[in-house]
Amino acid sequence: MALADDLNARRLARAISAREQAENLLEQKSLELYHQAEERQRVLDALRESEERYRLIVELSPDAILIEVNGEIVFTNPSARLIFRETHHLSLIGRSLASLIRRAQTETDALRLMINPESETEEVAIRLDGSAFDVSVYRISLTYQGQPAIQMVARDISIRKKLEYQLSFQATHDPLTGMNNRSALLERLSDAISYAHRSSLPVWVAFIDLDRFKFINDHYGHRIGDQVLTEISSRLRSVLRSNDALGRFGGDEFIVVLRGGPEVDMSSETLERIMQAVAEPMKIDGHAMRVNCSVGVAVYPQDGDTPQQLLEMADAAMYRAKQSGRNRCQFFNHEIQAQLQERARIDSELNGALQRDEFLLKYQPQIDLRSGAVTGAEALLRWQHPELGLLPPERFIYMAEESAHINEIGAWVLNTATAQCAAWHKSGLGNLRVAVNLSARQLNGQPLIRLVEQALSRSGLPPSCLELELTESLMMSNIELTLETLQILHAMGVQIAIDDFGTGYSNFAYLRKLPISCLKIDRQFINDLSEPGARDTSIITQTLITLAHNLHLRVVAEGVETENQLGLLHQQGCDEIQGFIYSQALSPDDFRKAMQAHDPTRWQRKID
């Protein structure tokens, strides 16, 4: 009995232990299930939160977001509907993404997509109303509601592209005329040369410079001048072909690049059309005017094979056209090439010519037509080049004016001329006057005044015996500075002369304001007095002389060479003459000898 009870007790204990273990295991499993349920709930909450965040991002995104499934758009966000201008009549849903893109990607974008299909590209999109705009597009593959889909994100970049275009246009175009600027023109010319080289075709480069355009700016103002340039550029566009290049090179200079081809006859007719188009009369703000041009042409490949060479050759040909009388076209040739080489040589050797004592002055006498006496002389600069011989100023002075050499040379001329004139005074040749030409760079206010003061002080020459000659255009280039400077020089006693009068475009009102003592009639009018039918020229010289005398100015006629010219000028009341009829320009010693041998009474009889 006791054994049976003990057995039952052990069985009961095992049963109790097993139940406790089962209960513990059940409790543990229940706890695990609770934690799993709790974790699942957190995941679901996070997923819902993520989906809500994604939905908000998509809904609030400023970019257009569209999803396409099986070739049809099934989802669009508000920005997509706004950007693509969806209305209740027009819907994006059901269309394809491809129908919203007008232009395929560029080669760069296409290559980028081949390497990375999900890269960003710039394309042109089409709104539902048919208008186009620039977009930045990003496409990705995804699963949408269990199906393969494509999501496209498009950002409107129209404003940025417009700004980029404006900046690019400003960098390559002239702001006034809208045509190619210098850098863009060089690029177009380089492209034309490359194509011509591959195709064995010619290229013409025409360098166009408006004749006497400075008069328009000086007389009418720069606003009118700008309108003239705009009108000229429009005319040039109208006579050129689509594959020709046109650009403004600077100021009143234009460049035209003409391409040849199998169906294009490269002839001077195109150049004639250009010149005729420029020369057509125009009316700007009520002002009727006409502008001519000088054109220089260089041809590829015989005149040069780089843009710089062709432009230089065309520029040289244009300069020759201006020298030949303006309003004409000149092709580059071997003679111009030789001049260019000589110019380069002179330019390099000009530096140091003053130190090598290669400059000299010659003096051309000026004769009083009433008394027959020599009143003075004009100092004329010459360069005794060791190999090229005696060079007149037109061969080198413009190069000196483009550099700083003109200031040194001008100072030497003034000091030498005043010293020589003072020496003639001391030798008993009378109270002669010496005339010295000034360049544009020398009319610089106080520096010029100090230079004149020093030259007069060193030489001892009376100020009234120094005459400074300035051209009309030089006087009018900066009228305020001119007035101030000349008034101070006049107060010192220095005389002022207008050189080459009648060839410029100065305002006659300023003749009363400028302290001028002398007016010099340009030699081109004197030359024309000997031509048949010179009545018009005679009227001009008479008018100029009368005008000068009414303003109490002395008149000197330059370039007098014939008895006929001399007699006519004497009848018209011209005060003085200079020219070969009396003497060429002389060395200081020859001038002294000529003055000692001069007989005023013989000249009076000759004139009378």
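This chain uses plain numbering: 1 for the first residue, then up along the sequence.
- Side chain of R241 to backbone of R259: a donor-acceptor contact under 3.5 angstrom is found.
- Looking at L391 and E358, their side chains never come closer than 4.5 Å, going by heavy atoms from C-beta outward.
- Checked by atom type and distance alone, the side chain of T541 pairs as donor or acceptor with a backbone atom of S538 at under 3.5 Å.
- Checked against side chain to side chain donor-acceptor pair (under 3.5 Å), Q446 has no partners two or more places apart in sequence or in another chain.
- Across all non-hydrogen atoms, the minimal contact from V374 to L432 is O-CD2, 3.5 Å.
- Looking only at side-chain heavy atoms (C-beta outward), L258 and L271 come within less than 4.5 Å of each other.
- In this structure a side-chain-to-backbone donor-acceptor pair under 3.5 Å is present from S348 to R345.
- Residue E269 places its CD atom among 12 or fewer non-hydrogen atoms of other residues, nucleotides or ligands, all under 6.0 Å distant.
- Residues L354 and E408 share a closest heavy-atom pair of CD2-O, 3.8 Å.
- At least one donor-acceptor pair closer than 3.5 Å links the side chain of T418 to the backbone N or O of N415.
- M179 and R237 make their closest contact through N-NH2, 3.2 Å (heavy atoms, listed as atom of the first residue, atom of the second, distance).
- Within the 3.5 Å criterion, the main-chain N or O of L311 finds no donor-acceptor partner in the side chain of D315.
- Within the 4.5 Å cutoff, no side-chain heavy atoms of E387 are placed close to those of E349.
- Distance alone, capped at 3.5 Å, places no donor-acceptor pair between the S190 side chain and the E187 backbone.
- We find the CG-CD1 distance between L514 and I498 to be 6.5 Å, quoted to the nearest 0.5 Å.
- Note on ring orientation: taking the six-membered ring where Trp is involved, the planes of F359 and W412 are tilted (angle from 30° to 60°).
- In this view, S183 and N181 satisfy the side chain to side chain donor-acceptor pair (under 3.5 Å) rule, not counting sequence neighbours.
- R554 meets the side-chain contact (heavy atoms from CB on, under 4.5 Å) test with R433, E467, Q495, C518, V556, D575, E576; sequence neighbours excluded.
- H287 is not listed as a side-chain neighbour of I216, based on a closest heavy-atom distance of 4.5 Å or more.
- By the salt bridge (Lys or Arg N to Asp or Glu O under 4.0 Å) test, E561 pairs with no residue at all, sequence neighbours left out.
- If you check the side chains of Q330 and S324, you find no donor sitting under 3.5 Å from an acceptor.
- Remark: E484 CD is loosely packed, at most 12 non-hydrogen atoms of other residues, nucleotides or ligands lying under 6.0 Å away.
- Under the ring pair (Phe, Tyr, Trp, His ring centres under 6.0 Å) criterion, H385 pairs with W383, sequence neighbours left out.
- Between I232 and D252, every side-chain heavy-atom pair lies at or beyond the 4.5 Å cut-off.
- Within a 6.0 Å radius of NE2 in H490, other residues, nucleotides and ligands contribute 12 heavy atoms or fewer.
- Of the possible polar contacts, one joining the S459 side chain to the A455 backbone as a donor-acceptor pair under 3.5 Å is found.
- The side chain to side chain donor-acceptor pair (under 3.5 Å) check on D209 picks up K322, with sequence neighbours excluded.
- Every residue was checked against the side chain to side chain donor-acceptor pair (under 3.5 Å) condition with N407, not counting sequence neighbours, and none meets it.
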How far apart are the C-alpha atoms of N437 and L381, what are their side-chain angles, what is the distance that settles it, and do they pass the side chain to side chain contact (heavy atoms under 4.5 Å, CB included) test?
CA-CA 9 Å; N437 290 279; L381 178 64; over 6 Å; no
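- Between the side chain of R328 and the backbone N or O of R326 there is at least one donor-acceptor pair closer than 3.5 Å.
- By the 4.5 Å heavy-atom criterion applied to side chains, I208 and M275 are not counted as neighbours.
- Scanning for side-chain contact (heavy atoms from CB on, under 4.5 Å) contacts around Q384 gives L360, L390, with sequence neighbours left out.
- In terms of heavy-atom proximity, A557 sits nearest to I526 at CB-CD1, 3.8 Å.
- For Q364, the side-chain contact (heavy atoms from CB on, under 4.5 Å) criterion is met by L380, Q578, F580, A585, not counting sequence neighbours.
- Taking the six-membered ring wherever Trp is involved, the centroid distance between the rings of F207 and F249 falls below 6.0 Å.
- Closest approach of S294 and N327 over heavy atoms only: OG-N, 3.3 Å.
- The heavy-atom pair separating L229 from T177 by the smallest distance is O-CG2, 4.0 Å.
- When the side-chain contact (heavy atoms from CB on, under 4.5 Å) test is applied to S587, the partners found at least two apart in sequence or on another chain are D589, D590.
- With contacts defined as side-chain heavy-atom distances shorter than 4.5 Å, the pair Q565/I581 does not qualify.
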With a cut-off of 3.5 Å and sequence neighbours excluded, list every side-chain donor-acceptor pair involving residues 276-286.
unit_1, atom_1, unit_2, atom_2, d
D285, OD2, R223, NH1, 2.7
D285, OD2, R223, NH2, 2.8

Only pairs under 3.5 Å count here: list side-chain donor-acceptor contacts from residues 295-310, not counting sequence neighbours, and write none if there are none.
unit_1, atom_1, unit_2, atom_2, d
D303, OD2, V299, N, 2.8
T306, OG1, Q309, N, 3.1
Q309, OE1, D305, N, 3.0

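- Using a 4.5 Å heavy-atom threshold, the side chains of I224 and M289 count as touching.
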